[in-house]
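To start, the structure under review is shown below, and the notes come after it.
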Amino acid sequence: MSDATVEKWGVFEASFDGPSSGNPYLDVAFDAVFTHKSRAVRVPGFYDGNGTYRIRFMPDIEGEWSFLTRSRTAALDGKTGSLLATEPSTGNHGPVRVRNKFHFAYADGTPFLSFGTTCYAWTHQPLDMQKQTLETLKKARFNKMRMGVFPKDYPYNVNEPLHACFERGADGKEDFDRPNPASFQHFEKQVAALCELGIEADIIIFHPYDRWGYADMSAKQDFRYVEYLAARLAAYRNVWWSLANEYDFLIDTKPMEQWDRYFHILEENDPYQHLRSIHNGDVTANFDHRKPWVTHTCIQNPDVKRTQEWRDAYGKPVVNDEPEYEGDILQSWGNLNAQELVHRFWITMARGGYAGHGETYSHPEDLIWWAKGGELRGEAWKRIAFLRDLLEADVKHGLEPLGIIGEWPWSRVSGARDGDGDFRLIYFGEHQPVIWSTGLPVDSDDYDVDLIDTWEMTITPVEKVAAPVPHPTRHGSVVRGGQPDAAFGVKIPRKPFQALRVRRKRWRIDPCLA
């Protein structure tokens, strides 16, 4: 008989009594080996205060598991137990993985199209505001949240956090060798709350905007902290690891080899190998995402038409988590109009990447979504939800660019197809052609073509017409035109921010005729 029952990709936890004297965070180490048939998984344990030690495990196979703890501390060594992993519940698709080189899927194969937002310090705000944030997320349709472990000291975000991240010593200062269990217990509670909403927690481990000293911990303290996070949080299926927000602004105190070591610590202590990335500040300071311990490319860059360039450079999924934000604050990265942010989302998706949302409207009490969560006051989020719903209805493999970098006309407009091309998306953005044919399928009878107004959120069938025959144009020794570039064309109203959705018709066979 198993000691406990937990669903596949759920969280199993076992706790043990152990020493509380001295500094258990430094002095005591223990782990457990979980076994299912011939499979063994090492899971690190952690100290949770008041003489309590815990291990957390996420079973990824249904059936009987047993475990055995290991430690040089007698009270924690040789403890055994078992669990039964059952079928996952509705909505539990497991952790997100890289799939098809440039895209993502849950562990059960369900495609994951990333539509993220940023609330850096939401878990450090008053509890009522955190509750409000979760209520907002229920309607907003984001499926990923960028959030920092540490509080943030930055314009519009200067309030004291709910908890100190480390226990205070006799001198009143935080002791970076003693994590505060209350702080991390609260943080993981909110990670679990996001999981209940179907939202991935993109956990930012370090950032430079700090007045508490967290950014200036020693290398050894950093390494222990990263290991501690892996032990506490890795069992939550919705975890992504982001080593830093704007790592390059910390490079003077955390050199490149130190960043690589953080990645390796996660590799060594996260049994489930959750996604791992790192985020730049300066647009010229992209991390070398080609390194094998980086699972996907995370960047900050407003030039979203370069998305395909980053795909080719790094050979991994591209998530542009900061293509700048909708808002009206002084800083130029935070005062886009809503239509421009929506525009950048569409360009990014139609070039085979993924984009992130942020909202930075000024507020007399600095209650700004990007910093603290709470309420959304803008308009982009509604259009981003529309885009997510539209793509999730048809995209099964991941959008692949229709042309190579620099190829006409894809250097101007954006276009992509899913898998073998049963679904295509062509986004015109600032361009407003009245007729279009490039990138359309060969046979017009097999496809439905709809016009999408990305701002008004309308979908309308378009009129198909004969493809235009462009006049031959000589560019030096190269002659372009002279013949139609597709079998048919479509009429489009003269208006910017329009898109075409092209779908192979879903022929229905009458069972009486089959």
Side-chain angles (χ1 to χ4, degrees), residues 91-93 95-96 103-106 110-123 125 129-148 190-204 236-242 245 274-275 277 279 296 298-300 304 317-327 334 336 338-346 348-349 353-361 367-393 395 399 454 457:
N92 175 0
H93 301 290
V96 175
H103 302 288
F104 303 104
Y106 293 100
T110 303
F112 178 84
L113 306 181
S114 180
F115 287 88
T117 190
T118 293
C119 293
Y120 283 125
W122 79 278
T123 65
Q125 305 311 311
M129 190 172 188
Q130 294 187 43
K131 181 179 179 181
Q132 185 183 48
T133 301
L134 293 170
E135 290 298 319
T136 299
L137 289 170
K138 287 181 181 179
K139 65 180 181 182
R141 297 287 289 137
F142 296 116
N143 59 12
K144 184 170 77 74
M145 166 84 90
R146 295 176 69 222
M147 51 192 282
Q190 299 301 55
V191 169
L194 292 177
C195 190
E196 288 295 313
L197 297 177
I199 297 172
E200 303 296 299
D202 198 354
I203 296 172
I204 298 167
Y236 295 91
R237 63 178 175 269
N238 63 322
V239 161
W240 296 29
W241 302 117
S242 178
N245 179 58
H274 289 289
L275 294 171
S277 69
H279 172 269
H296 62 285
C298 175
I299 58 171
Q300 170 179 190
V304 292
V318 172
V319 183
N320 190 344
D321 273 314
E322 273 192 67
E324 298 183 330
Y325 298 140
E326 174 193 4
L336 292 183
Q339 194 166 49
E340 178 62 22
L341 181 58
V342 173
H343 171 58
R344 294 184 188 185
F345 256 82
W346 276 83
T348 301
M349 299 296 293
Y354 301 91
H357 163 274
E359 191 181 280
T360 48
Y361 283 106
L367 303 182
I368 300 177
W369 176 261
W370 142 93
K372 300 176 180 178
E375 293 181 300
L376 287 162
R377 298 180 173 87
E379 293 295 327
W381 67 272
K382 303 170 190 174
R383 279 81 186 173
I384 293 167
F386 169 75
L387 174 58
R388 177 184 171 185
D389 290 341
L390 185 148
L391 294 183
E392 286 188 342
V395 175
L399 291 174
T454 66
M457 298 183 283

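When a residue number appears, it is its place in the shown sequence, counting from 1. Below, each value reflects all heavy atoms present in this structure, side chains not excepted, and no hydrogens, waters or symmetry copies. Note that the coordinates shown come from a computational prediction; the quantities given were computed from them, not determined experimentally.
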Report summary line: Result for ring pair (Phe, Tyr, Trp, His ring centres under 6.0 Å) between H357 and one of F142, F345, W370, Y325 points to F142
Query raised in the report: Parallel under 30°, tilted from 30 to 60°, perpendicular over 60°: which one fits the rings of F104 and Y354?
Result: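 If you compare the ring of F104 with that of Y354, the planes turn out tilted.
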Closest heavy-atom pair and its distance - [X], [Y]:
X: R146; Y: T118; value: NH1-OG1, 3.1 Å
X: I299; Y: N320; value: O-OD1, 3.3 Å
X: Y106; Y: G198; value: OH-O, 4.4 Å
X: G356; Y: P323; value: O-CD, 3.3 Å
X: N238; Y: V191; value: ND2-O, 3.0 Å
X: S242; Y: D202; value: CB-OD1, 3.5 Å

Report task. Output, in order, the C-alpha distance, side-chain angles, deciding distance and verdict of side chain to side chain contact (heavy atoms under 4.5 Å, CB included) for N245 and Q300. Result -> CA-CA 10 Å; N245 179 58; Q300 170 179 190; 5.6 Å; no
Side chains of [X] and [Y]: closer than 4.5 Å at any heavy-atom pair?
X: M147; Y: C119; result: no
X: W122; Y: L134; result: yes
X: W369; Y: T136; result: yes

Main-chain N/O of [Y] paired with [X] side-chain donor or acceptor, under 3.5 Å:
X: E359; Y: G378; answer: yes
X: R388; Y: F115; answer: no
X: H103; Y: L399; answer: yes
X: H93; Y: T110; answer: no
X: Q125; Y: A121; answer: yes
X: T133; Y: G374; answer: yes

Query - Residues R344, E340: salt bridge by 4.0 Å N-O rule - result: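 Salt bridge between R344 and E340, a charged N being under 4.0 Å from a carboxylate O: yes.
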Query raised in the report: Does a salt bridge link R383 with E326, judged by any charged N lying under 4.0 Å from a carboxylate O?
Result: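 Between E326 and R383 there is no salt bridge, as every charged N stays at least 4.0 Å from the carboxylate O atoms.
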Requested in this report: For K144 and D321, run side chain to side chain contact (heavy atoms under 4.5 Å, CB included): C-alpha distance rounded to whole Å, both residues' side-chain angles, the deciding distance at 0.1 Å, then the answer.
Outcome: CA-CA 10 Å; K144 184 170 77 74; D321 273 314; 3.0 Å; yes
State the [atom1]-[atom2] distance between [X] and [Y], to the nearest 0.5 angstrom.
X: L197; Y: E135; atom1: CG; atom2: CD; value: 8.5 Å
X: H343; Y: T454; atom1: NE2; atom2: OG1; value: 9.0 Å
X: D389; Y: I384; atom1: CG; atom2: CD1; value: 12.0 Å
X: K131; Y: M129; atom1: NZ; atom2: CE; value: 15.0 Å
X: Q132; Y: K372; atom1: CD; atom2: NZ; value: 12.5 Å
X: N143; Y: L194; atom1: CG; atom2: CG; value: 11.5 Å

Requested in this report: List the steps, then state whether side-chain hydrogen bond (donor to acceptor under 3.5 Å, both in side chains) holds for T117 with W381.
Outcome: CA-CA 9 Å; T117 190; W381 67 272; over 6 Å; no
Report task. Take L367 and R377 through the test side chain to side chain contact (heavy atoms under 4.5 Å, CB included) and record every step on the way to the result. Result -> CA-CA 10 Å; L367 303 182; R377 298 180 173 87; 4.3 Å; yes
Report task. Please find out if less than 6.0 Å separates the ring center of F112 from that of W240. Result -> yes
